[in-house]
Colleague: 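One structure coming up, written as structure tokens, with questions to follow.
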Amino acid sequence: MRILSGIQPSGALHLGNYFGMMRPAIELQEEGEAYYFIANYHSMTSLFDAEERRRNTVSVALDFLACGLDPKKSVFFRQSDVPEVVELSWLLATVTPMGLLERCHSYKDKIARGVSPNHGLFAYPVLMAADILIYDSNIVPVGRDQKQHVEVTRDIAIKFNEAYGQTFVIPEPQIREEVAVVPGTDGQKMSKSYGNVIEIFGDEKAARKQIMSLVMDSRTPQEPKPDADKNLAIQLMKLVAPANIAKDFEDRLRAGGLGYGDLKKALFEHYWNYFAAARTKRAELAANPDYVESVLRDGAEQAHRIADGVLKRARRASGLD
Ligand code: ADP
Ligand code: TRP
């Protein structure tokens with residue numbers, strides 16, 4: 001079984017990225033051949049600063065390795081180190097109906113938020129399909145917002161197979177329902193582009209500020225809160241604290257008498273401890289950039305071998321050989 005996922009180097013990684021995608025991906029490396037990459041080509045659709053892309057790429061590599069991606073178990077690489085994917089993306093583009101892309105929520109959301117659309121942004125799901133198909137991937141662990149993109153990938157693969165004969169493996173998205181959408185400090189989906197994130201490796205002061213800014217209502221501490229399970233701090237507490245402790249806070253909030261300030265302080269402490277070991281590991285890795293670079297290079301070499309074979313298969317099928 002081959003597992004594949006990617007993450008864009010478009011800003012600091014946050015709890016949504018961690019619980020929605022990175023942790024499931026890291027767990028899956030025990031269960032199959034895992035391929036994880038830094039989607040730097042994709043980041044070009046929204047980030048236009050070369051130095052920032054370089055910096056973010058290193059930062060995503062450090063974050064992922066610090067959180068437990070093990071280069072002995074997973075192939076970890078930069079998307080652009082296997083440029084064959086861009087050629088495959090063209091082959092796929094020619095069998096992709098316009099309507100399929102026009103229906104993509106992610107594209108429509110970005111336009112609605114005032115992002116000026118470039119062709120790359122529109123074609124984003126086609127490149128993502130190439131990422132997935134070029135490694136004969138079976139399983140794609142992602143957060144719920146990426147589900148539609150994996151469905152589009154399946155449609156594109158089926159179209160190509162229909163036009164040119166059996167060429168691509170049809171992948172399945174894998175979404176953990178309990179963390180499919182991690183809420184941000186404002187209660188919306190946590191996202192780099194909404195300014196509502198709690199970073200995984202933010203500095204202590206900034207992270208405390210992010211957590212203390214969680215949006216609460218104006219009820220007094222004494223009031224019982226029958227909807228305690230909907231409280232943002234409780235939802236996040238369930239991710240970073242042991243289950244019995246999170247339950248205890250939920251019960252206290254429901255009964256009345258627990259203030260939001262105290263709840264947030266406790267959440268900060270649990271969050272800080274949850275990532276303590278990873279934080280130490282990240283600092284060690286950051287001091288050893290040559291090692292990190294060698295991991296990504298080795299990964300690219302391995303990824304390249306698979307990609308090369310699948311691209312040849314697609315070229316042959318479509319009469320480009
Ligand atoms: P962002 O929305 O912050 O730009 P990305 O689009 O780079 O995040 O997402 C990278 C991965 O993290 C994807 O698999 C995505 O589904 C997952 N992810 C991002 N935000 C969340 C969230 N709030 N809850 C669950 N998963 C998320
Ligand atoms: N679009 C994904 C995101 O924003 C990143 C990505 C690019 C990806 N290519 C992929 C994820 C292939 C899974 C498989 O999160």
Side-chain angles (χ1 to χ4, degrees), residues 2-26 28 34-47 53 56-57 59-60 63-64 67 77-80 82 85-86 88-89 92 104-107 109-110 113 115 120-121 123-154 156-157 169 171-200 232 235-236 238-239 303 307:
R2 194 165 292 148
I3 303 141
L4 171 129
S5 195
I7 193 158
Q8 296 189 64
S10 51
L13 300 186
H14 52 74
L15 298 188
N17 298 137
Y18 180 75
F19 289 103
M21 182 276 205
M22 296 163 71
R23 195 174 69 171
I26 288 163
L28 279 169
Y35 284 69
Y36 299 130
F37 66 93
I38 305 171
N40 53 358
Y41 282 138
H42 276 109
S43 73
M44 296 184 78
T45 60
S46 60
L47 174 67
R53 190 170 355 271
N56 287 346
T57 302
S59 174
V60 169
D63 289 357
F64 230 132
C67 286
F77 60 104
R78 271 179 296 249
Q79 186 184 29
S80 64
V82 188
V85 75
V86 181
L88 183 62
S89 171
L92 299 177
C104 285
H105 305 302
S106 158
Y107 176 74
D109 289 351
K110 284 182 183 147
R113 275 190 283 115
V115 172
L121 190 69
Y124 183 112
V126 184
L127 179 58
M128 183 157 159
D131 288 327
I132 296 172
L133 301 176
I134 206 165
Y135 299 107
D136 279 342
S137 313
N138 305 106
I139 302 282
V140 185
V142 282
R144 188 182 292 147
D145 59 318
Q146 295 297 318
K147 182 170 186 232
Q148 189 186 30
H149 285 159
V150 183
E151 286 162 358
V152 166
T153 300
R154 290 166 59 90
I156 294 175
V169 172
E172 296 277 349
Q174 191 179 86
I175 295 156
R176 295 275 175 89
E177 277 314 313
E178 69 288 4
V179 286
V181 185
V182 175
T185 51
D186 57 358
Q188 309 283 343
K189 177 194 112 115
M190 189 178 289
S191 173
K192 283 166 234 158
S193 37
Y194 298 169
N196 64 357
V197 306
I198 300 167
E199 290 177 21
I200 306 175
L232 267 183
Q235 289 179 27
L236 295 172
K238 286 179 181 164
L239 299 175

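Both backbone and side-chain heavy atoms feed into the values below; hydrogens, waters and symmetry mates do not. All ligand and atom numbering here is 1-based and tracks the order in the structure.
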Colleague: State, with a plain yes or no, whether a side-chain heavy atom of I200 is found less than 4.5 Å away from one of M22.
Modeller: yes

Colleague: With heavy-atom distances below 4.0 Å as the criterion, list the atoms of ligand 2 near H42.
Modeller: 7 (C), 9 (N)

Colleague: Side chain, backbone, both or neither: which part of Q146 comes within less than 4.0 Å of ligand 2 when only heavy atoms are counted?
Modeller: side chain

Colleague: Measuring only between side-chain heavy atoms, which start at C-beta, is L15 closer than 4.5 Å to V197?
Modeller: no

Colleague: Once you restrict to heavy atoms under 4.0 Å, what part of A180 touches ligand 1? Side chain, backbone, both or neither.
Modeller: backbone

Colleague: Looking only at protein heavy atoms, which one is nearest to atom 7 (O) of ligand 1, and what is the separation?
Modeller: K192 NZ, 2.8 Å

Colleague: Mark up the atoms of ligand 2 that fall under 4.0 Å of a heavy atom belonging to D131, in ascending order.
Modeller: 7 (C), 9 (N), 10 (C), 12 (C)

Colleague: Of all the atoms in ligand 2, which lie at a distance below 4.0 Å from a heavy atom belonging to Y124?
Modeller: 1 (N), 2 (C), 3 (C), 4 (O), 5 (C)

Colleague: Closest by any non-hydrogen atom to atom 9 (O) of ligand 1: pick that one out of V182, N17, D145.
Modeller: N17

Colleague: If you define the side chain from C-beta out and look only at heavy atoms, does anything of T153 sit under 4.5 Å from I156?
Modeller: no

Colleague: Nearest heavy atom to atom 5 (C) of ligand 2: which of G143, G6, S43 does it belong to?
Modeller: G6

Colleague: Roughly how far, to the nearest 0.5 Å, is CG of L92 from CE of M128?
Modeller: 13.0 Å

Colleague: Considering only heavy atoms of V142, which atoms of ligand 1 have at least one such atom less than 4.0 Å away?
Modeller: 14 (O)

Colleague: Is the contact between I132 and ligand 2 made by the side chain, the backbone, both, or neither, using heavy atoms and a 4.0 Å cut-off?
Modeller: side chain

Colleague: Atoms of ligand 1 less than 4.0 Å from V179 heavy atoms?
Modeller: 25 (C)

Colleague: Does any part of the side chain of L13, heavy atoms only, come nearer than 4.5 Å to the side chain of Y18, both counted from C-beta?
Modeller: no

Colleague: Using a 4.0 Å cutoff against the non-hydrogen atoms of L4, which atoms of ligand 2 qualify?
Modeller: 12 (C), 14 (C)

Colleague: Between I3 and P141, is there a side-chain heavy-atom distance shorter than 4.5 Å?
Modeller: yes

Colleague: Under 3.5 Å, is there a donor-acceptor pair between the side chain of S80 and the main chain of Y41?
Modeller: no

Colleague: With heavy atoms of G20 as the reference, note each atom of ligand 1 found under 4.0 Å away.
Modeller: 25 (C), 26 (N)

Colleague: Rounded at 0.5 Å granularity, tell me how far CG in L28 sits from CD in Q174.
Modeller: 5.0 Å

Colleague: Rounded to the nearest 0.5 Å, what separation is found between the CD1 atom of I132 and the CZ atom of R2?
Modeller: 13.5 Å

Colleague: Can you tell me how far the CZ atom of F64 sits from the CD1 atom of I38, to the nearest 0.5 Å?
Modeller: 8.5 Å

Colleague: Using a 4.0 Å heavy-atom cut-off, which part of L127 comes near ligand 2: side chain, backbone, both, or neither?
Modeller: neither

Colleague: Among all protein heavy atoms, pick out the one at the shortest distance from atom 14 (O) of ligand 1; state its residue, atom name and that distance to 0.1 Å.
Modeller: G143 N, 3.2 Å

Colleague: Parallel, tilted or perpendicular: which fits the ring planes of Y124 and H42, with parallel below 30° and perpendicular above 60°?
Modeller: tilted

Colleague: Got a second to check how far S5's OG is from F37's CZ, nearest 0.5 Å?
Modeller: 7.0 Å

Colleague: Are H14 and I198 side-chain neighbours, meaning at least one heavy-atom pair lies under 4.5 Å?
Modeller: no

Colleague: Could you find the nearest protein heavy atom to atom 13 (C) of ligand 1 and give me its residue, atom name and distance?
Modeller: Q146 CG, 3.8 Å

Colleague: Under 4.0 Å from a heavy atom of V181: which atoms of ligand 1 are those, numbered in the order shown and with their elements?
Modeller: 24 (N), 25 (C)

Colleague: Ligand 1 versus V197, non-hydrogen atoms closer than 4.0 Å: side chain, backbone, both, neither?
Modeller: neither

Colleague: Determine the sole option in R53, Q79, Q8 for which the side-chain hydrogen bond (donor to acceptor under 3.5 Å, both in side chains) test with S43 is passed.
Modeller: R53

Colleague: Can you tell me if M22 contacts ligand 1 (heavy atom of the residue under 4.0 Å from the ligand)?
Modeller: no

Colleague: Decide whether the shortest distance between a heavy atom of G11 and an atom of ligand 1 is less than 4.0 Å.
Modeller: no

Colleague: Rounded to the nearest 0.5 Å, how far does CG of L133 lie from OG of S89?
Modeller: 10.5 Å

Colleague: Among protein heavy atoms, which lies nearest atom 1 (P) of ligand 1, and at what distance?
Modeller: S191 OG, 3.6 Å

Colleague: I7 heavy atoms, cut-off 4.0 Å: which ligand 1 atoms fall inside?
Modeller: 10 (C)

Colleague: Nearest non-hydrogen contact with atom 21 (C) of ligand 1 belongs to which option: P24, P141, G16, A25?
Modeller: G16

Colleague: Give the atoms of ligand 1, by number and element, whose distance to some non-hydrogen atom of M190 is under 4.0 Å.
Modeller: 20 (N), 21 (C), 22 (C), 23 (N)

Colleague: Return a yes/no value for Q8: is any of its N or O atoms, backbone included, closer than 3.5 angstrom to an N or O of ligand 2?
Modeller: yes

Colleague: Would you say R176 and F19 make side-chain contact, with heavy atoms under 4.5 Å?
Modeller: no

Colleague: Does an N or O from M21, backbone or side chain, lie closer than 3.5 Å to an N or O of ligand 1?
Modeller: no

Colleague: Under 4.0 Å from a heavy atom of V140: which atoms of ligand 2 are those, numbered in the order shown and with their elements?
Modeller: 13 (C), 14 (C)

